[in-house]
Amino acid sequence: MDKTLAVASLGQQRLLLPVWVKAALAANDRLKFYLSTLQAASQHAEHPREPALDLSRELAAAGLGSETWLLDLPGGASRVDGQLMLPELERLRDALQEDLGLMARPVLALADPAQAVQPARIQHWLDTLAALQGVRLDAMQLRSLTHGQRQGGPGDDSLHLLVMDLHKAINQLVPQVASELIAGAHVWQLDEADRPLVQAFMRGLRRTAPLKFDHPGLETAATRDGAHLLLQNDIGTNDAHVLVIQVQELTITLTYSDLHLRRFSFFQALLAPLGANWSVVESRTEAQLNQGQAYTVGTATFACGDLAHLQATLEGLGARIVFLIDWNRARKRLLNFVSKPAAELLLRAAAEQELGHMAWLRAGGERLIFGAMQTVGEGAFRLGDRLDEVLGPDQASAFLLDVMRLATEALLHGQSPSLVADEARLLLARQMQRRSAGFDLLDEHAAYCQTLAQAVSDALGHGRDGLQAQAAELAARAKTWERQADQLVMQAREQAERQPRWQAVSRLLVLSDDVADALEEAAFLISLMADHHQKGWNREVRQALSALAQVVQQATQDHVKALAIARNLGSDSERQDQDEFLTASWAVLHAERRCDDLLRQARRVLLAELQDAASLMLANDLAQTLELASDRLLAAGYGLRELAFNQSGVQA
């Protein structure tokens, strides 16, 4: 490159700027591909037994389809004496030099003393490339070409960083060279058929752009480059965060680069409903490159069926870009409250509902949630508690999504972040009233009790009490269920030690566990009776015991129903919900009274029909155990009634 370019006068060259900018953008795509190829070559040399990365789709997207030697370059790389050997190094060097000159040309033509990219820096890298000779690169040379981390120290520049800075500078030139605006996009040299496509993309972009608030980014440029309509969006301030879209006939090709692999995966998930077909995407990382990190590049294609489909896809692409801005910052803030997978799913849900996360960040982010946790009630949260540990994972995510919705609606309407903080506190207070995490354990324990009661009732109702193998199997299964129910009690006790609000749930589970114990004992007694202890048993005996078991089984169903209603009871509950809860609770009470009567009736039948002492003793023990289960169920019902009334603000 001629050094006189650095001091070229503006003069007539301004007329050439649109052409130079277009050439520079194309050169940018090629330069990034060359650097990706160089990293792929280093990776293959480090792991020669693994197949070299296939970059054929990226090659085509960069407009280098005829340069097939670039596809062979990674596979021909090797390590010799700690250096990277590349037989085509000088050819690659020439390509880097040529495209760096093309990319620098419009920036140098409008050289500004205040701009980040100074002519001396460009010339330094042109000279550095010219000095590359032979077929080997040492570790320092490789790093100086490819690393993308800004450390701020002298001599820590790289060709990669220069390319990113030039790209940013070119984006800033676009408004100067654009001949007009289409729906906010800076455009030049378009065909007439390109205009509705640009409008479609901008329609989606403008629909969601308010969600970035005053954050920089989303500037769009469009031009025609041969057979392609080229759309480029400046996502934000990150140098390596770039999105370029090419449209040729009914096919869209999107090239996306990102320093954060997790955000890259997030964007892939957002584009999946639009039919994105991605090439092989890897985070090309090595210890000696980019501080162990490298930006990720991928290419996606969208095959559209007709013009309407093409425009709808472009609109969808435009609408999704805003959710990439400050995504990683939001994800890290959310990790204070939920797990990594839950945070990413939450951000995806916010994007899919076109809420986004920027309003939440502007309204205070994690401080907003911590503030709500501190004021929601004494003993609800303790130092170190995470939101999902207290509310449960699903409820915590639902609460955070609701806060994002509140923040978005408030800030879009010009309301104060203080209002969002107040609404977040009220929302969390309502969530804490429901205490869904505790109810999850109560529901699961009640399900075990119902299963035990059903198994005992079925055994007596279908005569399995006389079949040794089936009765033994019933006893074994009942023991397993009872132990699993015990585990739930232990979980609640552990939570109660850390969080006082769990004490009521723990007490209720202890009462409920007496039901499980009694029903497991009933299953065991049935297995004993099946072991040759049914002398004198007849239809009347079995019916008397079965009647008891059926009432207990129905009572466990009513208890499950009462729990399901109690979960959502609060001070604002409807009268119908409260009435249904009381009806289910009273059904458990009536069941206990019914079992008292059935126990007495069963004893009369047993004394009249059974003469064998062992058979009489076991049958009486079974009847007493079933009645005991109804007593314990009533105690659990009273405990649930107290819990629900306290939750509703009513004195039990």
Side-chain angles (χ1 to χ4, degrees), residues 211 213 330 333-338 342-343 345-347 349-350 353-440 495 498-505 564-578 581 642-652:
L211 297 175
F213 297 95
R333 301 296 190 271
L334 288 171
L335 296 182
N336 291 296
F337 313 107
V338 293
L345 287 173
L346 177 57
L347 289 170
Q353 297 181 33
E354 295 194 353
L355 301 172
H357 50 269
M358 289 297 294
W360 174 66
L361 289 174
R362 283 172 56 87
E366 72 276 17
R367 296 191 305 276
L368 187 71
I369 308 303
F370 283 134
M373 292 169 68
Q374 289 170 0
T375 59
V376 75
E378 185 178 356
F381 293 94
R382 297 196 311 179
L383 186 64
D385 283 346
R386 209 168 69 175
L387 191 67
D388 58 353
E389 294 173 344
V390 177
L391 290 183
D394 293 341
Q395 288 73 27
S397 292
F399 165 71
L400 290 168
L401 185 61
D402 283 341
V403 173
M404 288 183 180
R405 179 179 291 104
L406 290 172
T408 299
E409 292 173 354
L411 268 59
L412 285 177
H413 289 88
Q415 296 172 334
S416 168
S418 299
L419 175 63
V420 181
D422 290 341
E423 291 180 334
R425 286 194 288 270
L426 290 172
L427 184 62
L428 184 57
R430 288 195 292 270
Q431 285 275 8
M432 294 299 294
Q433 279 186 335
R434 294 176 183 144
R435 292 190 281 273
S436 295
F439 273 99
D440 288 343
Q495 289 284 4
R498 298 178 63 248
Q499 298 166 344
R501 74 169 194 84
W502 274 81
Q503 291 173 3
V505 174
I565 301 169
R567 174 189 286 269
N568 296 310
L569 282 181
S571 57
D572 57 348
S573 297
E574 295 182 1
R575 178 62 180 270
Q576 181 180 353
D577 293 334
Q578 297 171 359
F581 172 74
E642 180 182 1
L643 181 65
F645 283 175
N646 288 340
Q647 184 170 287
S648 302
V650 178
Q651 193 68 33

Check your understanding: From Leu411 CG over to Phe213 CZ, what is the distance, rounded to the nearest 0.5 angstrom?
Key -> 5.0 Å
Review point. Taking all atoms of both residues into account, what is the closest heavy-atom pair of Asn336 and Glu366, and its distance?
Key: ND2-CB, 3.9 Å
Exercise for review: Measure across Ala330 and Leu347 and return the closest heavy-atom pair with its distance rounded to 0.1 Å.
Suggested key: CB-CD2, 4.0 Å
Study note, to complete from the structure: On a heavy-atom basis, the closest approach of Ala350 and Met404 is CB-SD, 3.8 Å
Review point. Which value, rounded to the nearest 0.5 Å, describes the distance between Leu427 atom CG and Phe399 atom CZ?
Key: 5.0 Å
Point to revise | Atom of Leu346, atom of Ser397 and distance for their closest heavy-atom approach | key: CD1-O, 3.5 Å
Check your understanding: Would you say Leu334 and Ile369 make side-chain contact, with heavy atoms under 4.5 Å?
Key -> no
Exercise for review: May I ask you to test the Leu345-Val338 pair for a side-chain heavy-atom distance under 4.5 Å?
Suggested key: no
Review point. Are any non-hydrogen side-chain atoms of Trp360 and Thr408 less than 4.5 angstrom apart?
Key: no
Practice item. Could you pull out the closest heavy-atom pair between Ala363 and Ala407, with the gap in Å? Key: CB-CB, 4.3 Å
Point to revise | Check: Leu355 and Leu401 side chains under 4.5 Å, non-hydrogen atoms | key: yes
Check your understanding: Who passes side chain to side chain contact (heavy atoms under 4.5 Å, CB included) against Arg367, sequence neighbours left out?
Key -> none
**Study point:** Asp402 side, atom CG; Glu423 side, atom CD - distance, nearest 0.5 Å
**Key:** 11.0 Å
Study note, to complete from the structure: For Arg425 and Ala372, the nearest pair of non-hydrogen atoms, with its separation, is CG-CA, 3.6 Å
**Study point:** Side-chain heavy atoms of Arg405 within contact of Gln353, under 4.5 Å
**Key:** yes
